[in-house]
Amino acid sequence: MKYSILTIKWGSEFSSEHVNILFRAAKDMSSLDFQFICMTDDPKGLDENIISMQIPMSGLDAFPKTEGAWPKLCLFHPEIAETLDIVVFLDIDTVLTGNIDPFFEDPGQSLRMLSCGPRWRQFDPSFEPMGATGMFTYRPSFHTNIFDAFRKDPELAYRNNVVEQGFVAAHAREKDYYPLEWIQSFKYHLRRQYVMDIFVPPLKPAP
């Protein structure tokens, strides 16, 4: 079984050094043997131990619009499915604070996602889960239908979804969710209230 951590970087909002920091954190926080891959339009400056991969565009007339993180749809491109087994995707601005080995548990045919919305903000499982793509575990070979649906009509996808994660959650044939306590939001769980946050440091993440 081959494990991979995958992140995606396009444009100039994040630098290669941000990717390098995430790579070093992942190495420190896992006991597993995994490859770290950055899918990017500019690999300059990446650590030599990071595998650089071009953002796959086959089948698209244009690069997905960057507002709303639509380039993430390329994470479900059939080219990815041909080469990767179990993948943990991490947004570049993810901060790792503990061992991440449980995230590599085989999801089978499910897309294992972060659950956003009130359920996550309040840590209340009584709310309906809403799929988010800041972090997810998947076997790419089971989810190429998501990319296929997007490339058939990108404009329709844009019209019906403000951001790409709504499209992903709607088109995933099977999905489940990480335990709520595994992932915390700086914005919702750690940052102090507005104005107070100028004077009082954020809370520390729970164990």
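Position 1 is the first residue of the sequence, and the numbers go up from there.
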Next item on the list: Mark yes when over 12 heavy atoms from residues, nucleotides or ligands other than Met57 sit less than 6.0 Å from its CE; otherwise mark no.
Entry: yes

Note to self: side-chain contact (heavy atoms from CB on, under 4.5 Å), that's the test. Do Phe127 and Arg121 meet it? Break it down for me.
What the structure shows: CA-CA 10 Å; Phe127 286 98; Arg121 294 179 190 180; over 6 Å; no

Notebook entry, point to check: Quick check: are there more than 12 heavy atoms from other residues, nucleotides or ligands sitting under 6.0 Å from CG of Asp61?
Noted result: no

Checklist line | Residue pair Val88, Met135: steps toward the side-chain contact (heavy atoms from CB on, under 4.5 Å) verdict | finding: CA-CA 7 Å; Val88 175; Met135 186 170 187; 4.2 Å; yes

Notebook entry, point to check: Taking all non-hydrogen atoms of both residues, which atom of Gly166 and which atom of Asn161 are closest, and how far apart?
Noted result: C-OD1, 3.4 Å

Note to self: Is it the case that atom CZ in Arg173 sees more than 12 heavy atoms from other parts of the structure closer than 6.0 Å?
What the structure shows: no

Check: Are the side chain of Ser185 and the backbone N or O of Lys187 linked by a donor-acceptor pair below 3.5 Å?
Finding: yes

Margin query: Tell me whether Ser30 contacts the main-chain N or O of Leu32 through its side chain, where contact means a donor paired with an acceptor under 3.5 Å.
Written below: yes

Margin query: Quick check on the hydrophobic clustering: are Ile21 and Leu90 connected, directly or via other members, by side-chain heavy-atom contacts under 4.5 Å?
Written below: no

Item checked: All side chain to side chain donor-acceptor pair (under 3.5 Å) counterparts of Lys44, not counting sequence neighbours -> Asp42

Check: Are there more than 12 heavy atoms of other residues, nucleotides or ligands under 6.0 Å from atom CD of Gln193?
Finding: no

Item checked: Aromatic contact, Phe89 with Tyr138 (centres under 6.0 Å) -> no

Margin query: I'd like to know if the side chain of Thr133 reaches the main chain of Gln165, judged simply by a donor and an acceptor atom lying under 3.5 Å from each other, with no hydrogens or angles considered.
Written below: no

Next item on the list: Taking side chain to side chain donor-acceptor pair (under 3.5 Å) as the test, write out the residues that go with Ser126, two or more places apart.
Entry: Asp124

Check: Is a donor on one side and an acceptor on the other found under 3.5 Å between the side chain of Gln109 and the backbone of Glu174?
Finding: no

Next item on the list: For the pair Asn145 (side chain) and Ala172 (backbone), establish whether a donor and an acceptor sit closer than 3.5 Å, ignoring hydrogens and angles.
Entry: no

Next item on the list: Please confirm whether the backbone N or O of Trp120 pairs with a side-chain atom of His189, one donor and one acceptor, at under 3.5 Å?
Entry: yes

Checklist line | Leu75 reachable from Ile51 in the ILVMFWY side-chain graph, under 4.5 Å edges | finding: yes

Notebook entry, point to check: When you measure from the side chain of Asp47 to the backbone N and O of Asn20, does any donor-acceptor pair fall under 3.5 Å?
Noted result: no

Checklist line | Exam field: side chain Thr40 to backbone Lys9, donor-acceptor pair closer than 3.5 Å | finding: yes

Next item on the list: Drop me the distance from Leu203's CG to Gln184's CD, to the nearest 0.5 angstrom.
Entry: 9.5 Å

Next item on the list: Decide side-chain contact (heavy atoms from CB on, under 4.5 Å) for Thr7 and Thr94; before the verdict, give the C-alpha distance in whole Å, the side-chain angles of both, and the deciding distance to 0.1 Å.
Entry: CA-CA 10 Å; Thr7 194; Thr94 305; over 6 Å; no

Note to self: To the closest 0.5 Å, what do you measure between OG1 (Thr66) and CD (Glu13)?
What the structure shows: 9.0 Å

Check: Does atom NZ of Lys27 have more than 12 heavy-atom neighbours, drawn from other residues, nucleotides or ligands, at distances under 6.0 Å?
Finding: yes

Note to self: Please verify the inter-ring angle class for Phe150 with Trp70; under 30° counts as parallel, over 60° as perpendicular, anything in between as tilted.
What the structure shows: parallel

Note to self: Within the 4.5 Å heavy-atom criterion, are Val87 and Ile80 side-chain neighbours or not?
What the structure shows: no

Next item on the list: With the side chain counted from C-beta on, respond yes when Ile86 and Arg139 share a heavy-atom pair under 4.5 Å apart, and no when they do not.
Entry: yes

Next item on the list: With salt bridge (Lys or Arg N to Asp or Glu O under 4.0 Å) as the test, would you mind laying out the steps for Lys65 and Glu164 before giving the verdict?
Entry: CA-CA 10 Å; Lys65 70 174 186 177; Glu164 103 303 333; over 6 Å; no

Item checked: Check: Phe136 ring centroid to Phe76 ring centroid under 6.0 Å -> yes

Notebook entry, point to check: Given Leu46 and Phe36, is the side-chain contact (heavy atoms from CB on, under 4.5 Å) satisfied, shown in steps?
Noted result: CA-CA 11 Å; Leu46 291 177; Phe36 192 101; over 6 Å; no

